Amino acid sequence: MQAEPRTAESRDDERERAPFPHKHLLGIEGLTRRHVETILDTAEAMRGISDRRIKKVQTLRGRMVVNAFFENSTRTRISFEVAEKRLSADSVNIQVSGSAMAKGETLLDTLRNIEAMRPDMVVLRHWCSGAPHFLAHHLQSNVINAGDGNHEHPTQALLDAITIRRAKGRLDGLDVAICGDIAHSRVARSNAHLLRLFGSRVRVSGPGTMMPRGAAEALGVRVCRSLAEAVEGVDVVMMLRIQKERMGADMYPSDREYARQFGLTREVLRHAKRDAIVMHPGPMNRGLEIAPDVADGDRSVILDQVENGVAIRMAVLYLLSGASEVPAE
Amino acid sequence: MQAEPRTAESRDDERERAPFPHKHLLGIEGLTRRHVETILDTAEAMRGISDRRIKKVQTLRGRMVVNAFFENSTRTRISFEVAEKRLSADSVNIQVSGSAMAKGETLLDTLRNIEAMRPDMVVLRHWCSGAPHFLAHHLQSNVINAGDGNHEHPTQALLDAITIRRAKGRLDGLDVAICGDIAHSRVARSNAHLLRLFGSRVRVSGPGTMMPRGAAEALGVRVCRSLAEAVEGVDVVMMLRIQKERMGADMYPSDREYARQFGLTREVLRHAKRDAIVMHPGPMNRGLEIAPDVADGDRSVILDQVENGVAIRMAVLYLLSGASEVPAE
Amino acid sequence: MQAEPRTAESRDDERERAPFPHKHLLGIEGLTRRHVETILDTAEAMRGISDRRIKKVQTLRGRMVVNAFFENSTRTRISFEVAEKRLSADSVNIQVSGSAMAKGETLLDTLRNIEAMRPDMVVLRHWCSGAPHFLAHHLQSNVINAGDGNHEHPTQALLDAITIRRAKGRLDGLDVAICGDIAHSRVARSNAHLLRLFGSRVRVSGPGTMMPRGAAEALGVRVCRSLAEAVEGVDVVMMLRIQKERMGADMYPSDREYARQFGLTREVLRHAKRDAIVMHPGPMNRGLEIAPDVADGDRSVILDQVENGVAIRMAVLYLLSGASEVPAE
C-alpha cells in the first residue's frame, strides 16, 4: 500500500499547514514558543511508546536516516539510533574522527556525497559551527543538528525543556542557573535561547576564562560572580560538563580548585529553592563539576534527561518526516 | 495487535514457571545442570533456523538489544548481532575502547545511561570482572555477560558444551584438557564450572606463570605438569589463545619455546583418545598454541564452535526474553 | 509465506538459466558484455526505487549481508549498506583496521569464521589483491568484491559504466582518458576491462612512477605522455584520486607540481570533446588532481556516480541473491 508520490510543491503546502512547519531542526534560535510546545507535546506522546512491551511503531518504516557524526559522541548517537529504531526507520551510521577527514575531502563534498545516496533525513554532529545550516542549504533531506561546534545543540535543549516542564509543570517564569564553561557550550546557548522564549530568566556562572565576553547580552543571560550567587533562589540548576579532554591547561588552575569554586555541592545547592532540580547533560565528571551525592540525590533529574532524550528525538524525527500516520503498533 | 502490558509481578510469576527461570545470564556459576540443558536444547532448535533459506524468525520483533562492548571483540559482537537479527530484534552497538572511558564517566553512570534509554536486553563485554553483575543489580533489562575480565564468559562455555555434546553424544563422564593461560582465562573458568556440573573431569596445563595458584581446587581441576600428561587419554582437548597483545614479556620466554612446550601438535595429540576432538575459542595463533595441521585436521571442531555460537546466543536471547511465541517464520 | 527450501542442485540449475549466471562478483575480468548489460539494466530499474517516497522493497527480506571491510572506506561501505537496506536485507558490519589483524589470525581463518555464521552474502573490501577470490573459493555465501588491493573494484567500474551510458547513450565506440596513479589503481583496472568489453578505447596518463610497466598491453590501454594528449578529443575524462595518505614522498615532487602537470583544469578540458563528461571516484583532492571549477562544472557527473553507486549495488545484490520476486513494495 504505497501513497501516491507527492510533488515537492504539494509537500511544501502541507508543511505550511502542519503544526511544525520547518523542514530542518538547525537550532532553537528561529523557533517560536508554539513550535517548541509542539515538539514537547509530541515527545510526551512518544514517551508512551517506550512504556509498551513492544516499544516500536511503524511510523517511519522505509525511511532512511543517516547519523553522520564527525565528532565522538556515543551518547547522542545512541539516543538518536534508539529513537529511529522505535519509529522503524532504517539507520545508517557514519562516524568519522578528525583524522579521517585528513583524506582531504571538503565538508561540502562529504555532505553532497551523503545526499547523493538519497537518505530521507540526516542527523549531523560536527565540530564546525554552522555545518548543519550549510548542509540544509545544499540538501534535499531533512537535517537535524545534533550539535555543531560551540553553536547549538537543539535536541539537548528540548530534552532539558521537557524534563523541566515535567518537574516544574511549566517553562515560563522560572529562574535557571547554568554553570560551567558557558563560552564554549552549545548546550548553554541552546538552553538560553529556549528559556528566553518562555520568559524564564537565565543566570550563568563559571571561571572568567569560560564566560562569554559581551555575548551575555545577546544571549539574554545574567553573569554572576559566584556559583552561590547564580544558584540563589533558582528553580533549576544546570551544571555543564568540564571538557577536560579538549581544554588547554590554562583554562583553570586545577581540578581541586575548580571543584571548590565551581562544583555543585549540597552546601551550594541550599542556596537554590527547596524544590529546585539539578540537571547535567552528561557525561558527568563526578567530584569535579558536581558532587556525587548531588548527582545521585533526590533533586537530580539527570537520568530523566537521558530517557526524555529518546522521546524528544522521536518527536523531532516524526515531525520533520511529515509522516501523517498516528504512531501505533 | 499488542499484548496487554503485563505488570512486573505477573512477569515474575511466569518466570518461575518457565524452563529457564533466570532474568540474566551472568555466568555458568549459579546455573544448574537442568538450566544448561534447557539452553543447549533450545540452541538445537535454533540451529534449524540457520539451515532455512530465510534464516529469520519474528520471535523478538520490536525488542531492542544493546551490544555494549568495552573491550575489542569483533568475533563475539558479530555472533551476538547475527543471533539478534535472526530473531528480528533491533541491535544497537556501543563500542568503547579503554581510552574513550577517559572522558571520566564512571562505569555505573555509563550503564545507567544505557538503561535510561529503555533497551530490552543488554549484552555486555567488559574488561572489569563483575561488571555484568553490577549492571544486573541496577538495571531493569535482561543482562547477558559476553565476557567480563578474567571472570566468566558463559556463552563461550555453552557453545563449547553444545559442540562437545554433538560430537560425543554427552557431557558427563568425559575427560577434558584445557591448555594455555588458565589463570587469566574466563573461557577456562566458565568451561570448568560447566563441565563439573555434568561430572566431567578437567585437567589443565600451561606455563607456571599462567597456572591458577590455589584456585585449582576451587575450580575443581587437576593441574598437570606437561601438555602430554594433560592430554593423556582425554576425550576433548581445548587450547586457549595466547593473548600476546595483552601480555608482558615475562610470561613466557619466546614464541618458539612456548610452541615447543605447550603447543598442540599431532605428536602430542596422539596421547589423547583416538576420537578426541580439538577445540579453540579463536582467534588462533597458528604455530603458537596450535599447529596448523591440527587446527585443520579431522579432529578439529573449531568452526563448529563458531556456528554453534550463533545458535547458543539465539537460545539465550530467546529464553531470557520470556518470548512465548514458537520460533517460526 | 516461505518458499520451499531448495536444494543446492536446484539452485545451481536455476542459476544456469538466470540472466546473470554467476554466484559471485569478483571482478569485471571474466564477465561478458551481456552480463554487464544485465547488471546495468537491473540498476536502471533499481534507480526507480530511490525515487519513491518509500524507498524500500522487500526483495531481500530475511537475507543477511556481512560487510567486511579490512580497509577504511566510509563511502563504499555506506553505499552498500544503503543498497542493502533499500532491499530489506539485514546488514552486519565488520570494520577491521590493519592493526587489529595484529591479533595474529590468518585471513583464511577470519573469513572461515564469518562463513561459519552462515551469512547469505559477504561484501569484502581487503588490502590484499585476490582476497575475494580466495574467499569465494572456500565459502558457500555469495561474495562481492568491494575493492581488493591494486586488483579490481568491479562495482566502481559498473557505476562508472551506467553513469557513462546515461550521459552518452552508449558504452561502445567511446574514447576515455583515465588519469593519475594508474599502476596502483583497481578503479583504473576494472574500468579498462569493462570499457574494452564494449569496444571503447582507453588512454591513460600520469607521472612515470605511477604508470603500469608492461601492463598497458595487458589492460589494452594506450599510455600518453601528457594529460593534454590523453584528453585530446575524448568523450570521457576520468580522474583518479591521489592517495596521499598511502604514498611515499618519492612518488611525485610536490602537490603544486602534480597539480600543474596532471591536474584537470578548464584549460586542459578544452582538449576533450565539447560534450565530454568529467568523472572522479571520490574522495576528491580539490586543487590537486582536479580543479574546483571543473569538479563543480556542468560537465561533471561526479555526484551522479555516487547516486548510481547505490543502484548498481542494489542490482548486484539482487542478481546474486537469485531472488525471483519482482522488486515492489
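Protein chains get the first letters and strands the later ones, always in sequence-line order, with residue 1 at the start of each. Since we're looking at a predicted model, the values are computed, not measured.
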Distance under 6.0 Å and angle within 45° of ring axis: B:R313 vs B:F80: yes

What part of A:R75 is in contact with chain B, defined as an atom under 4.5 angstrom from a non-hydrogen atom: side chain, backbone, both or neither? both

Only one of A:V57, A:V310, A:L317 passes side chain to side chain contact (heavy atoms under 4.5 Å, CB included) with A:R86; say which it is. A:V310

Using a 4.5 angstrom heavy-atom cutoff, name the option from B:V66, B:D90, B:N93 with the most pairs to chain A. B:D90

Can you say whether B:M117 sits under 4.5 Å from chain A via the side chain, the backbone, both, or neither, judging by heavy atoms? both

How are the rings of A:F70 and A:H126 set to each other: parallel, tilted or perpendicular (split at 30° and 60°)? tilted

Side chain to side chain contact (heavy atoms under 4.5 Å, CB included) partner of B:I144, chosen from B:N67, B:L124, B:L26, B:V123: B:V123

Residue, of A:D296, A:N308, A:L303, that accumulates the most heavy atom pairs under 4.5 Å with chain B: A:L303

Residues at least two apart in sequence or cross-chain that pass ring pair (Phe, Tyr, Trp, His ring centres under 6.0 Å) with B:H137, listed by chain then number, are none

Looking only at heavy atoms and a cut-off of under 4.5 Å, which of A:E81, A:K55, A:Q305 has the most pairs with chain B? A:K55

Part of B:N113 within contact of chain A (heavy atom distance under 4.5 Å): both

